Visitor: 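I have a structure I would like to understand better, so I am pasting it below and will then ask my questions one at a time.
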Amino acid sequence: MSFFTDLAHQFIAGQWRTGSGSWDIIDFDPYNGEKLATITVATVEEVDEAYRAAERAQREWAETNPYTRRLVFERALRITEEREAEIVEAITTELGGTRLKAVYEVHLAKEFLREAIQLALRPEGRILPSPVDGKENRVYRLPVGVIGVISPFNFPFLVTIKSIAPALALGNAVVIKPNQNAPVVGGGLIAKIFKDAGLPAGLLNVLVTDIAEIGDALIEHPVPKVISFAGSDRTGRHVASVAGSHFKRVILELSGNSALVVLDDADLDYAVDAAVFSRFVYQGQVCMAANRILVDRSILEEFTGKFLAKVTSLRTGDPADPATDIGPVINNFQAEALTSLVDQALAEGATALVRGRTRGNLVEPTVLTGLPADSPVLRQEIFGPVALLIPFDGEEEAVRMANDSPYGLSGAVHTANVERGVRFAKRIDTGMMHVNDSTIQDEPLVAFGGEKYSGLGRLNGDSTVEAFTTQKWISVQHERSPFPF
């Protein structure tokens, strides 16, 4: 696996380096347990080196003509297209992603690279009127400087690129800390693409490390002005607390507990397809996945039959096999946690309409129903192939049940009446809601983010410009101001 060993390094100031920590992170294939690479962790000193390199490089980059900056992203897009097969294979190997998932992730990443090409030219200044005679108010939009990006394991190539590409396009520098389960796809692979695309040294740095080694140094360091984090709400709460105490801006994309709601007039075959995809794509390890599938009781029996038939037809196995629908979850800890969660739900009185087996990291689909209304399982994120099928009586109860969650990231509603669906969607406390589609959506121009415990801030399009730039007021007095003394 020379591909992984070649990219399994720290990347600081344009150089591939071995970390100087006292222990190693082991990168495993979650399907067969094969060791892909060994990476010695970065230390606090290397965190400082990466941020200082970024700080030095950013000053000149911010002054670079944006038409010149965007050439880097044009080349990065071409390189990604040329290496797509290699990237897809890496996602399958390191993350256990099925081919469908891997192709989908690379497709979206390319769309965000295309948007970054345009984003380099997006920031615009303004001249605003003043009540003071002779005064001209100029408002400049400037890069914030250096951004720390902490990315997740589930869509590391996409999620990292959707932060780092616009951040760089807008004139910033970046330091990435990829998840320990995705150090290559979420770190070294991206660094290699941008290095080959001609990005000046120091503007993009990768630190493979862990809080056990560096504590909160990545967040507390004085150089970064913004921390973009994607992961669990528990960790996100800590990131927000530490960053806030140092007056840093945070963009948080956190956990979800999405509901896909099937109203009484929905196209059931289509709703079933949307629900199965929304729950089981990438083994359900998606923050936008439909944890809860809410179905009007009047159509419950028919929907359930069709849903179970579809779920039991899904193939679990080798993610490299194009026929596989469900690959492995990311590690043994996650597999055991899912088994415990199903056992907990059954102990609380739930019924397993389908009970999948667990074989190593392969977790077959499970469908549960009949959970008591006060079950904690209904209100937590389930990061795996476990679906909760929940009946409701009428639209009002559906709204109440969909909102009965500490999370509010995504959701979907299915109905034959589009405007009914839009009215319903407006009543759900989520950052994103989709009518007659899946809960899993991401597009370069549309604000992406959640409410409640699902995050702070938004990314994509104009929201990304807001996230990674700051405004500076410079006034010019063309006449003499009168002063009182």
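Residues: numbered from 1 along the sequence shown. No experiment lies behind these values; they were computed from the predicted model shown.
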Visitor: Over all heavy atoms of both residues, which pair between Ile293 and Ala387 is shortest? Give the atoms and the distance, please.
Guide: CD1-CB, 4.2 Å

Visitor: Given salt bridge (Lys or Arg N to Asp or Glu O under 4.0 Å), test Arg292 with Asp404 step by step and report yes or no.
Guide: CA-CA 11 Å; Arg292 300 170 295 151; Asp404 187 15; over 6 Å; no

Visitor: Flag yes if more than 12 heavy atoms outside Phe424 fall under 6.0 Å of its CZ atom; otherwise flag no.
Guide: yes

Visitor: Which heavy-atom pair separates Ala167 from Val174 by the least distance, and what is that distance?
Guide: CB-CG2, 3.9 Å

Visitor: Using the ring of each side chain (for Trp, its six-membered ring), is Phe73 parallel, tilted or perpendicular to Phe194, with breaks at 30° and 60°?
Guide: perpendicular

Visitor: Looking at Ala42 and Glu46, what are the two nearest heavy atoms and their distance?
Guide: CA-OE1, 3.1 Å

Visitor: Got a sec, which residues hit salt bridge (charged side-chain N to carboxylate O under 4.0 Å, His left out) with Glu396, two or more places apart in sequence or on another chain?
Guide: Arg427

Visitor: Does a donor on one side chain and an acceptor on the other come within less than 3.5 Å for Tyr407 and Asp233?
Guide: yes

Visitor: Any side-chain donor-acceptor pair under 3.5 Å between Asp267 and Asn436?
Guide: no

Visitor: Regarding Lys162 and the six-membered ring of Phe448, is the cationic atom NZ or CZ under 6.0 Å from the ring centre and inside 45° of its axis?
Guide: yes

Visitor: Under 3.5 Å, is there a donor-acceptor pair linking the side chains of Ser163 and Ser228?
Guide: yes

Visitor: Does the plane of the ring in Trp16 sit parallel, tilted or perpendicular to the ring in Phe11? Use 30° and 60° as the thresholds.
Guide: tilted

Visitor: Donor-acceptor pair, Asp29 side chain versus Leu36 backbone, under 3.5 Å?
Guide: no

Visitor: With the side chain counted from C-beta on, respond yes when Pro376 and Glu348 share a heavy-atom pair under 4.5 Å apart, and no when they do not.
Guide: yes

Visitor: Will you find, in the side chains of Asp296 and Ser298, an N or O donor that is under 3.5 Å from an N or O acceptor?
Guide: yes

Visitor: Are Thr40 and Asp24 linked by a side-chain donor-acceptor pair shorter than 3.5 Å?
Guide: yes

Visitor: Might you point out which heavy atoms bring His414 and Asp437 nearest each other, and give the distance in Å?
Guide: NE2-O, 3.0 Å

Visitor: After noting the C-alpha distance and the side-chain angles of Glu451 and Arg458, does the key distance pass the salt bridge (Lys or Arg N to Asp or Glu O under 4.0 Å) rule?
Guide: CA-CA 10 Å; Glu451 301 293 333; Arg458 298 289 187 270; 2.7 Å; yes

Visitor: Is the shortest side-chain heavy-atom distance between Pro406 and Lys452 below 4.5 Å?
Guide: no

Visitor: Between the side chains of Gln441 and Ser438, does any donor sit under 3.5 Å from an acceptor?
Guide: yes

Visitor: Report the C-alpha distance between Ser151 and Thr160 in whole Å, list the side-chain angles of each, state the deciding distance to 0.1 Å, and finish with yes or no for side chain to side chain donor-acceptor pair (under 3.5 Å).
Guide: CA-CA 6 Å; Ser151 62; Thr160 306; 3.2 Å; yes

Visitor: Determine, for Lys248 against Glu220, whether the closest basic-nitrogen to carboxylate-oxygen distance falls under 4.0 angstrom.
Guide: no

Visitor: Any cation-pi pair here, Lys101 with Phe155, using under 6.0 Å and within 45°?
Guide: yes

Visitor: Could you check whether atom CD of Glu301 has more than 12 heavy atoms from other residues, nucleotides or ligands sitting under 6.0 Å from it?
Guide: no

Visitor: Assess Arg237 against Tyr453: is NZ or CZ under 6.0 Å from the centre of the six-membered ring, and within 45 degrees of the ring's axis?
Guide: yes

Visitor: Please check if the number of heavy atoms outside Arg420 that lie under 6.0 Å from its CZ is greater than 12.
Guide: yes

